[in-house]
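What follows is a set of notes on a single structure, which appears directly below.
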Amino acid sequence: MLEKNALYVVATPIGNLSDISLRALDILAKVDVVAAEHTQNSGYLLAAHAIRTKLISLHQHNEMAVAGKILALLASGKSVALVTDAGTPGISDPGAILVKHIRAHGYPVIPIPGANAAVCALSVAGIVNPHFLFYGFLPTKSGLRKRALSALKSHPYTLVFYEAPHRIVASVADMIDIFGSQREITVARELTKLFETIHTGTLEATLVWVQADADQQKGEFVLLVSGAETADKPEISDQARHTLQCLLAELPLKQAVKLTAEITHENKNALYQLALQLKTTHTR
Ligand code: SAM
């Protein structure tokens, strides 16, 4: 059922056109107006689902002005949906200014949940740490980017970034500069699309992998970087790490861990966790 005088914030696909909910399609077909970041892009989506609702443009440069117009539409009894080019509005996308304005005037703002690139990447990364910090886009200039990364350096949660294809190499290189080479990164590229790739490895190994293949520098990216080691996590010496790596290449995981613990006298649980990390350095 459609509420009158309401703004619906509607998530749309991040690549695969089928990733849209039945409720989203129903709302987009029934509202009076759809406000879209790019009316042409959203026009294709609506047309693919035989929806002919009127589109108006709302983007980061006109958001406040259009918010006034949408408020007037709601005041006159109309209902409006907000969509962006991809994913959930307001997440590294326009929407927050409009939503704030409409809520401040007491009209209902109703979420229609769906795709989001960050959550999509997290869902397939197999990261055991339950906590993450969504950062979105880092600054585009290296100096500012390094400053932003320095501020995140001691953060213990998985760090979630969006990145553009032409900055992927420079950003991972800056991460190595600031975080060191051994943190784990998952690169989630072109999610839900033809060339979907999910690669996990150390920052160092991943930089080499991305640099070696120009195709891995194309498309859209989510980067998930492991957080800082916390004090209660025992550190593992370089020598123990090396021993474990060598044994893992030859033996089953459990045996490699057991032998490394015997040889190096390091904590067996910590070695087991490291072995799991080392084993998950892979690509799909
Ligand atoms: N609102 C969107 C969401 O909910 O995820 C994000 C919009 S933001 C302008 C676009 C960025 O999201 C891209 O540059 C990329 O970093 C990430 N992204 C969007 N679609 C993606 C996909 N299919 N695969 C990987 N990353 C994606």
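Counting starts at 1 for both ligands and their atoms, in listed order. Just the heavy atoms: all of them, side chains too, but no hydrogens, waters or symmetry mates, feed the values below. Values in this document were obtained by computation on a predicted structure and should not be read as measured data.
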### Query
Taking C-beta and beyond as the side chain, do Phe134 and Tyr157 meet within less than 4.5 Å on heavy atoms?
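The answer is no, as the side chains (C-beta and beyond) never meet within the 4.5 Å cut-off.
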Quick one: does Pro89's side chain get under 4.5 Å of Glu37's, heavy atoms only?
no
**Prompt:** Hey, are Asp177 and Lys146 close enough for a salt bridge, meaning a charged N less than 4.0 Å from a carboxylate O?
**Reply:**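 Counted as a salt bridge, because a side-chain N and a carboxylate O are separated by less than 4.0 Å.
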Distance (rounded to the nearest 0.5 Å) between Leu223 CG and Leu203 CG
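Answer rounded to 0.5 Å: 9.5 Å.
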Notebook entry, point to check: Quick one: NE2 on His155 to CG on Leu149, what's the gap to the nearest 0.5 Å?
Noted result: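 The distance works out to 13.0 Å.
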Side chain to side chain donor-acceptor pair (under 3.5 Å) pairs touching residues 63-77, sequence neighbours excluded, are none
List, for ligand 1, each N/O atom that has a protein N/O partner under 3.5 Å away, with both atom names and the distance.
from: ligand 1; atom 1: 1 (N); to: Ala86; atom 2: O; distance (Å): 3.2
from: ligand 1; atom 1: 1 (N); to: Thr88; atom 2: O; distance (Å): 3.0
from: ligand 1; atom 1: 1 (N); to: Ile91; atom 2: O; distance (Å): 2.8
from: ligand 1; atom 1: 1 (N); to: Asp93; atom 2: OD2; distance (Å): 2.8
from: ligand 1; atom 1: 4 (O); to: Thr88; atom 2: N; distance (Å): 2.9
from: ligand 1; atom 1: 4 (O); to: Asn116; atom 2: ND2; distance (Å): 2.8
from: ligand 1; atom 1: 5 (O); to: Asn116; atom 2: ND2; distance (Å): 3.2
from: ligand 1; atom 1: 5 (O); to: Ala117; atom 2: N; distance (Å): 2.9
from: ligand 1; atom 1: 5 (O); to: Tyr162; atom 2: OH; distance (Å): 2.7
from: ligand 1; atom 1: 16 (O); to: Glu163; atom 2: N; distance (Å): 3.4
from: ligand 1; atom 1: 16 (O); to: Phe221; atom 2: O; distance (Å): 2.6
from: ligand 1; atom 1: 20 (N); to: Glu220; atom 2: OE1; distance (Å): 3.3
from: ligand 1; atom 1: 23 (N); to: Ile14; atom 2: O; distance (Å): 2.9
from: ligand 1; atom 1: 23 (N); to: Leu191; atom 2: N; distance (Å): 3.4
from: ligand 1; atom 1: 23 (N); to: Leu191; atom 2: O; distance (Å): 2.9
from: ligand 1; atom 1: 24 (N); to: Leu191; atom 2: N; distance (Å): 2.9

